[in-house]
Amino acid sequence: MKACCEFSRKVQINQIQKKPLTIKLEANEDEKLALAERFSIPQVQSLLCNYQLKYFHGRQVRAVGEMNAIVMQNCVVSLDDFLVTINESFELHFIPSDKLSLELEEIDDPDVIPYENDVIDLGEVTAEQLALFLDPYPHKEGLDQSNSLILSENEVEIVRNKEPKENPFKVLEQLKISNKDKKKS
């Protein structure tokens, strides 16, 4: 397993007691620069995530996260940089890697994340969640459609072939007849 990461915050699961454990993570300037480079975006202005961790069936841990981030992305149409605000909630299910099964998850189940040596890296999990919340094809709001590189339906003229297509077998039959005529002559 690759030692990581740009934003690492390791938590020992024995820190979780009967009461849920609340943890607040915030990326510093170096971590924000490294995350922007990792995700190929111009900038991560802020990244804050609050977690509530609690035991779930023995050594399994359920985490409820609340992410607040501001990132800069490039518009895929105009190539302008613009700010995107991310305010998302999510739920994760941490399972010891030796207990991980290959059973199919239900769609509504939280994402399952394996962990080893009783340590969960919440920083890396936060970075992965941020990556999931980034729009892969970001569009700047209020983009002037007249300068768009994408053609609208009105700008596209559909040219239809007005000549009826010949039956391909008819063409082959005509070739066969012309070859017979050549042989006779």
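Heads up: numbering here begins at 1 and tracks the sequence.
- Atom CD of Gln129 is separated from atom CG of Leu134 by 11.0 Å, given to the nearest 0.5 angstrom.
- With salt bridges taken as basic N to acidic carboxylate O contacts below 4.0 Å, one links Arg59 and Asp118.
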Working for side chain to side chain contact (heavy atoms under 4.5 Å, CB included), residues Thr22 and Leu53: CA-CA 6 Å; Thr22 302; Leu53 305 172; over 6 Å; no
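- For the pair Glu37 (side chain) and Ala34 (backbone), a donor-acceptor distance under 3.5 Å is absent.
- Here Glu173 does not pair with Lys180 in a salt bridge; the nearest charged N to carboxylate O distance is not below 4.0 Å.
- Under 4.0 Å is where a charged nitrogen must lie from a carboxylate oxygen, and between Lys10 and Asp121 no such pair does.
- Counting heavy atoms from C-beta on, the side chains of Val125 and Leu92 come closer than 4.5 Å.
- Salt bridge present: Arg9 and Glu31 bring a charged side-chain N and a carboxylate O closer than 4.0 Å.
- At a threshold of 4.5 Å between non-hydrogen side-chain atoms, the residues Pro96 and Gln60 count as touching.
- Using a 4.5 Å heavy-atom threshold, the side chains of Leu25 and Phe7 count as touching.
- In this view, Arg62 and Glu91 satisfy the salt bridge (charged side-chain N to carboxylate O under 4.0 Å, His left out) rule, not counting sequence neighbours.
- The CD atom of Gln43 sits 12.5 Å away from atom CG of Leu35, with the distance rounded to the nearest 0.5 Å.
- Two different hydrophobic clusters hold Met72 and Phe39 under the rule that ILVMFWY side chains link at heavy-atom gaps under 4.5 Å.
- Residues passing the salt bridge (charged side-chain N to carboxylate O under 4.0 Å, His left out) test with Glu141: none are found, sequence neighbours excluded.
- Annotation: the span from Lys24 atom NZ to Leu122 atom CG amounts to 15.0 Å, rounded to 0.5 Å.
- In terms of heavy-atom proximity, Phe133 sits nearest to Met67 at CD1-SD, 3.8 Å.
- Tracing side-chain contacts under 4.5 Å through hydrophobic residues (I, L, V, M, F, W, Y), one reaches Phe90 starting from Leu21; they form part of the same cluster.
- Side chains of Ile23 and Val11 form a contact here, defined as non-hydrogen atoms less than 4.5 Å apart.
- The CD atom of Gln15 lies 10.0 Å from the CD1 atom of Ile120; values are rounded to the nearest 0.5 Å.
- Across every non-hydrogen atom of Ala63 and Tyr51, the tightest pair is CB-CD2, 4.2 Å.
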Evaluation steps, side chain to side chain contact (heavy atoms under 4.5 Å, CB included), between Leu130 and Ile86: CA-CA 8 Å; Leu130 175 62; Ile86 299 170; 3.7 Å; yes
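- A donor-acceptor distance shorter than 3.5 angstrom exists from the side chain of Asp135 to the backbone of Tyr137, with no hydrogens or angles considered.
- You'll find the side chain of Pro42 reaches within 4.5 Å of the side chain of Asp81, heavy atoms only.
- Ring-plane geometry between Phe56 and His93 is classed as perpendicular, the angle between the planes exceeding 60 degrees on a 0 to 90 degree scale with a lower cut at 30.
- Closest approach of Pro138 to Asn74, counting heavy atoms only: CG-O, 3.0 Å.
- Between Tyr115 and Val119, every side-chain heavy-atom pair lies at or beyond the 4.5 Å cut-off.
- Interatomic distance, CD1 of Ile70 versus OG1 of Thr85, reported as 4.5 Å (0.5 Å rounding).
- When all heavy atoms of Gln52 and Pro20 are compared, the closest pair comes out as CG-CB, 3.6 Å.
- Here the side chains of Val77 and Lys140 are not in contact, with every heavy-atom distance at 4.5 Å or above.
- With rounding to the nearest 0.5 Å, the separation of CG in Asn87 from CG in Asn68 is 4.5 Å.
- Counted within 6.0 Å of CG on Asp98, heavy atoms from surrounding residues, nucleotides or ligands total more than 12; the atom is thus considered enclosed.
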Worked check of side chain to side chain contact (heavy atoms under 4.5 Å, CB included) between Leu83 and Gln45: CA-CA 9 Å; Leu83 291 176; Gln45 277 196 356; 3.6 Å; yes
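- Taking all atoms of both residues into account, the shortest heavy-atom contact from Ile13 to Tyr55 is O-OH, 2.7 Å.
- Side chain of Ser78 to main chain of Cys75: no donor-acceptor pair is present (N/O by atom type, distance under 3.5 Å, no hydrogens or angles).
- Contact between Ser89 and Glu66 at its shortest, heavy atoms only, is OG-OE1, 2.6 Å.
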